[in-house]
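As a basis for the values below, the full set of heavy atoms in this structure was taken, side chains included, without hydrogen atoms, waters or symmetry mates.
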Amino acid sequence: MAKTPRFNGPQATPLPGDIALMNATAAVLATMGAILVVATVLMAIARQPQFALRSIRVEGDVGRNSVSTIRANAAPYLAGNFFTFDLAAGRRAFESVPWVRRAIVNRIWPNRLQVRLEEHRPVALWTDQGADEKLVNSFGEVFEANIGDVEDDGLPTLHGPDGTSAHVLALFGRLAPVLAGADARIEALTLSARGSWRAELDSGAELQLGRGTDDEVIERTQRFVGTLSQVLARYQRPLEYADLRHNDGYAVRLKGITTTLGAADKTTKK
């Protein structure tokens, strides 16, 4: 059977290279022009006065600062309108206010800011190698604030090398209930640069707790508290000093009496 010849329609003739390049360039320029027009319109809209920031709503912890004080401290560092305001810069501005630990800043359409604050909760004073006294919050973070604001809070004092505040606070939290068993309260806890611990009690007595892991320090303190009442009852003198760094016991100094308590015997020195 003879095949019927097939005829294709007219073939499109490729454009010369220079014309194709010209068309592509024209399309790109047109797109860029459209983008520029849109951007110009948006910028003009963004500059409209109705988008200027008009109010700041402050929520969360405001126990140490009034809302007006917080606004007054942060406002000079806030710039821009609803569209141009830098949220990160706003967060830093509010976190620079005394007592503010953390700030979350959000835009509220069309011209407001919403700020949620978390304040530092002071749990201790902090001194570091002769520097000015600071504060430690419940997370073990050191921060600066007016010490006079907490002078009536009866906060303990923590000492230690730079960067050790969280560790010192953690051990304080474990030691405090142990010493409470001896009706004693820690007024100061110090970690030396060589890793040795020392505690000062509300009675004025000093405890040399020694080095080692936190568990080892707690174990020595528990052993001390477990027999201290017997020593005090025997000599009827207040405790002035105790050295818990001995492997087989501890040494104490009562008012006018020095005593070493061993694991198997007790000796008294006057």
Side-chain angles (χ1 to χ4, degrees), residues 53 55-80 85-107 112-177 179-180 184-193 195 197-204 206 209 214:
L53 296 177
S55 67
I56 302 173
R57 181 178 178 180
V58 179
E59 302 175 339
D61 296 337
V62 290
R64 297 285 181 174
N65 290 294
S66 67
V67 172
S68 58
T69 300
I70 294 171
R71 288 172 176 163
N73 277 272
Y77 305 99
L78 306 180
F85 179 75
D86 186 336
L87 291 177
R91 174 180 56 78
R92 291 191 296 269
F94 283 100
E95 290 179 352
S96 69
V97 177
W99 290 104
V100 174
R101 176 179 181 264
R102 186 167 177 259
I104 300 175
V105 183
N106 293 305
R107 300 183 184 91
R112 293 183 297 148
L113 289 180
Q114 180 186 54
V115 183
R116 178 165 290 278
L117 302 179
E118 176 189 348
E119 287 187 341
H120 292 285
R121 302 185 187 280
V123 295
L125 302 175
W126 178 260
T127 58
D128 175 17
Q129 299 176 347
D132 293 338
E133 205 168 40
K134 299 178 183 179
L135 291 165
V136 180
N137 66 19
S138 55
F139 295 93
E141 300 164 340
V142 176
F143 68 99
E144 296 188 41
N146 182 11
I147 301 298
D149 291 345
V150 297
E151 60 183 359
D152 296 328
D153 293 357
L155 299 179
T157 300
L158 307 181
H159 309 263
D162 186 33
T164 62
S165 57
H167 184 195
V168 178
L169 179 63
L171 187 63
F172 175 90
R174 296 183 63 184
L175 280 173
L179 289 167
R185 181 173 59 85
I186 303 175
E187 285 200 342
L189 180 63
T190 299
L191 173 63
S192 73
W197 295 92
R198 177 172 58 86
E200 299 173 32
L201 306 183
D202 55 341
S203 63
E206 178 184 327
L209 305 175
D214 291 2

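Here the options are Leu155, Asn146, Val142, the test is side chain to side chain contact (heavy atoms under 4.5 Å, CB included), and the partner is Leu135; only Leu155 passes. Partner Val67 forms a side chain to side chain contact (heavy atoms under 4.5 Å, CB included) with one of Val58, Val115, Ile56 and no other, that one being Val58.
Contacts of Glu59 classified as salt bridge (Lys or Arg N to Asp or Glu O under 4.0 Å), with partners at least two apart in sequence or in another chain: Arg57, Arg116. For Asp153, the salt bridge (Lys or Arg N to Asp or Glu O under 4.0 Å) partners are Arg64, not counting sequence neighbours. Every residue was checked against the salt bridge (Lys or Arg N to Asp or Glu O under 4.0 Å) condition with Glu119, not counting sequence neighbours, and none meets it. A search for side-chain contact (heavy atoms from CB on, under 4.5 Å) contacts involving Leu209 returns Leu175, Leu189, Trp197, Ala199, Leu207, Val217, Thr221, Leu244, not counting sequence neighbours. Residues passing the side-chain contact (heavy atoms from CB on, under 4.5 Å) test with Arg121, sequence neighbours excluded: Asp61, Ser138.
The two atoms that bring Pro122 and Val150 nearest to each other are CG-CG1, 4.0 Å, heavy atoms only. Between Gly140 and Ser165, the shortest heavy-atom distance links the atoms O-OG, 2.6 Å. When all heavy atoms of Gly154 and Arg185 are compared, the pair lying nearest together is O-NH1, 4.3 Å. Across every non-hydrogen atom of Ala79 and Phe85, the tightest pair is O-CD1, 3.2 Å. A pairwise comparison of heavy atoms in Thr127 and Glu133 identifies CG2-CG, 3.9 Å as the closest pair. Taking all atoms of both residues into account, the shortest heavy-atom contact from Pro161 to Ala193 is CG-CA, 4.0 Å.
Contact of the Val168 side chain with the Trp126 side chain is registered, since non-hydrogen atoms from C-beta on lie closer than 4.5 Å. At a threshold of 4.5 Å between non-hydrogen side-chain atoms, the residues Glu187 and Pro156 do not count as touching. Contact annotation: the side chain of Leu53 approaches that of Leu113 to within less than 4.5 Å [non-hydrogen atoms, C-beta and beyond]. Here the side chains of Leu179 and Leu201 are in contact, with some heavy-atom distance below 4.5 Å. The closest side-chain heavy-atom distance from Leu125 to Ile147 is below 4.5 Å.
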- Message: Would Trp99 and Ile70 count as a side chain to side chain contact (heavy atoms under 4.5 Å, CB included) here? Give the steps.
- Response: CA-CA 10 Å; Trp99 290 104; Ile70 294 171; over 6 Å; no

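The CZ atom of Phe143 sits 14.0 Å away from atom CD of Glu95, with the distance rounded to the nearest 0.5 Å. Rounded to the nearest 0.5 angstrom, Glu200 CD and Arg198 CZ are separated by 5.0 Å. Between the CZ atom in Arg91 and the CG atom in Asp86 there is a gap of 9.5 Å [rounded to 0.5 Å]. Taking NE2 of His167 as the reference point, atom CG of Leu191 lies at 7.0 Å (rounded to 0.5 Å). Note: Leu169 CG to Leu158 CG = 6.0 Å, rounded to the nearest 0.5 Å. Atoms CG and CG, on Asn65 and Asn73 in that order, are 7.0 Å from each other to the nearest 0.5 Å.
For residues 141-151, the pairs satisfying salt bridge (Lys or Arg N to Asp or Glu O under 4.0 Å) are Arg101-Glu141, Lys134-Glu144, with sequence neighbours left out.
Enclosure of atom CZ in Arg174 by more than 12 non-hydrogen atoms of other residues, nucleotides or ligands within 6.0 angstrom is indicated.
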